[in-house]
Amino acid sequence: MKSVDRHLADILATVRPLAPLEIDLERAHGTVLAEDVASPVALPPFDNSAMDGYAVCAGDLADVPAVLPVIEDVAAGDSELRAMGPGMATRIMTGAPVPAGADAVVPVEWTDGGTARVTVHRAVSAGNAIRRSGEDVRAGDIVLREGSVIGPAQLGILAGVGRRRVLVRPRPRVVVMSTGAELAQPGTPLGRGQIWESNSFMLAAAVQEAGGEVFRAGAVTDDPKRFLESLEAQLVRADAVITSGGVSMGAYEPVKEALAPLGKVVFEKVAMQPGMPQGFGVVGDDEVPIFTLPGNPVSAFVSFMLFVEPALRKMRGLPEGPPVTVRATTTAYLRSPAGRRSYLRAVLTQDIPGSTVAPVVGQGSHQLAALASANALVVVPEDVTELPEGAEVDVIPL
Ligand code: AMP
Ligand code: MG
């Protein structure tokens, strides 16, 4: 059997980072920056007031209370300002430019709030409540590096330096397809021998959380020809395809029957539990990567986390690597088959001084409710068949 690490290495050797493209800021959330972004101007672009109050010359307030004539009002957005000199005040709002000649802003709370004349009760030091030009960013400074994931704050600074379009690696477009003659759509009644189709919903959400854009294709029955037709129809909009079901050792395995003869998808046994039957390769003229995951929901989920998520990271242009693990102490005795790496569903409690992890009841690969109650996977190595309570283990937080 092939090892988990070998299978992941083969996948990562095939998938490529998506080509950069320029997109509008509105669509950039969750993409990965493919250029260094510099600011064309200093930020703030001009000295401005950090508070609502009065622009003054600090030296005028050596003796307080002091009374000063108010020469004008300036609001945020005003551009025509009267220069000031000693013995004057300008009523000023947050974000408004500081008039020439002023060297401090007195918050309105320290004054009587006057409009023609103002009485100031407290002295200020020079520079008080003034946001200096360039204090955040100097003109020409790089504000975001290539490879940054664009989240809310990154969108903020991109807009803040005036960018409308930006060069990014896009979210991979991923088609999710389910196969199985027994599958009924949730929301429709169950016929005899049927189960509700769950994998596509689970995998679609996993794709989105992994930074992809997902297209959930309808489930297809166990007819290889129908499967191929449906796959071909979906390929036009796919950077990757994920299927579930139809890859095991039985009869009626449409994914395997349809794709194996094309010679570009390899079906093999990977030494893991759950999720032993795996397939990976490329399809179509554009050689779109395809992950053919096993149908059992827990197997499909674990396979996604181990193989698809790292591949999507690479496609997004992020650093490669297996899922991150943490160390924890198991609260129960664990068993695992010899020669296979186990991923046991568990509840991880991260704590000081140490984290603990408790396997959930129901470790079958069909036990989706148990999976839904877990927040972590305990990794038990291939050569370990049992672990006592209190053993230190590797855990993948979900
Ligand atoms: P297969 O890999 O097609 O042999 O399926 C293995 C098991 O997973 C069977 O019990 C299927 O009924 C179940 N299964 C396959 N696909 C799905 C799906 N999309 N949603 C829920 N269960 C599924
Ligand atoms: Mg099936």
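We count ligands from 1, going down the list as the structure has it; atoms in each ligand are counted the same way.
Looking only at heavy atoms of the protein, atom 17 (C) of ligand 1 is closest to N199 ND2, 3.2 Å. Atom 20 (N) of ligand 1 has S198 N, 3.0 Å as its closest protein atom, hydrogens excluded (heavy atom only). If you check which protein heavy atom lies closest to atom 5 (O) of ligand 1, you get G295 CA, 3.7 Å. Taking atom 22 (N) of ligand 1 as the reference point, the nearest protein heavy-atom neighbour is I195 CD1, 3.4 Å. Closest to atom 12 (O) of ligand 1 among all protein heavy atoms lies E182 OE2, 2.5 Å.
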Original post:
Given the rule in the side chain to side chain donor-acceptor pair (under 3.5 Å) test, do R171 and T31 qualify, once you have shown the distances and angles that lead to the verdict?
Top reply: CA-CA 5 Å; R171 290 174 178 264; T31 64; over 6 Å; no
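Heavy-atom proximity to atom 7 (C) of ligand 1, evaluated over V176, V255, N296, is greatest for N296.
By the 4.0 Å heavy-atom criterion, S200 is excluded from the residues contacting ligand 1.
Using a 4.0 Å cut-off between charged side-chain N and carboxylate O, R117 and D112 make no salt bridge. Salt bridge E386/R335: absent, no basic N to carboxylate O contact under 4.0 Å. Salt bridge annotation for R165-E26: absent, with no cationic side-chain nitrogen under 4.0 angstrom from a carboxylate oxygen. A salt bridge links R327 with D394: at least one charged nitrogen is closer than 4.0 Å to a carboxylate oxygen. Classification of R27 and D24 as a salt-bridged pair fails, no side-chain N sitting under 4.0 Å from a carboxylate O.
A cation-pi arrangement, defined by a distance under 6.0 Å to the six-membered ring centre and an angle within 45 degrees of its axis, is present between R216 and F201.
The backbone and the side chain of E197 each have at least one atom closer than 4.0 Å to an atom of ligand 1 (non-hydrogen atoms only). If you look at S248 next to ligand 1, the close heavy atoms, those under 4.0 Å, all belong to the side chain.
Clustering ILVMFWY residues whenever any of their side-chain heavy atoms sit less than 4.5 angstrom apart, transitively, puts V108 in the very cluster that holds W110.
Close approach of ligand 1 to T179 is summarised as follows: ligand atoms under 4.0 Å from at least one heavy atom of the residue are 16 (N). The distance from ligand 1 to the heavy atoms of S178 drops below 4.0 Å at these ligand atoms: 19 (N). For ligand 1, the atoms lying closer than 4.0 Å to a non-hydrogen atom of G246 are 1 (P), 2 (O), 3 (O). The contact set between ligand 1 and G245, taken as ligand atoms under 4.0 Å from a residue heavy atom, comprises 1 (P), 2 (O), 3 (O).
Not one N or O of V247 is nearer than 3.5 Å to an N or O of ligand 1, by distance alone.
Side-chain N/O atoms of S148 and Q154 include no donor and acceptor closer than 3.5 Å.
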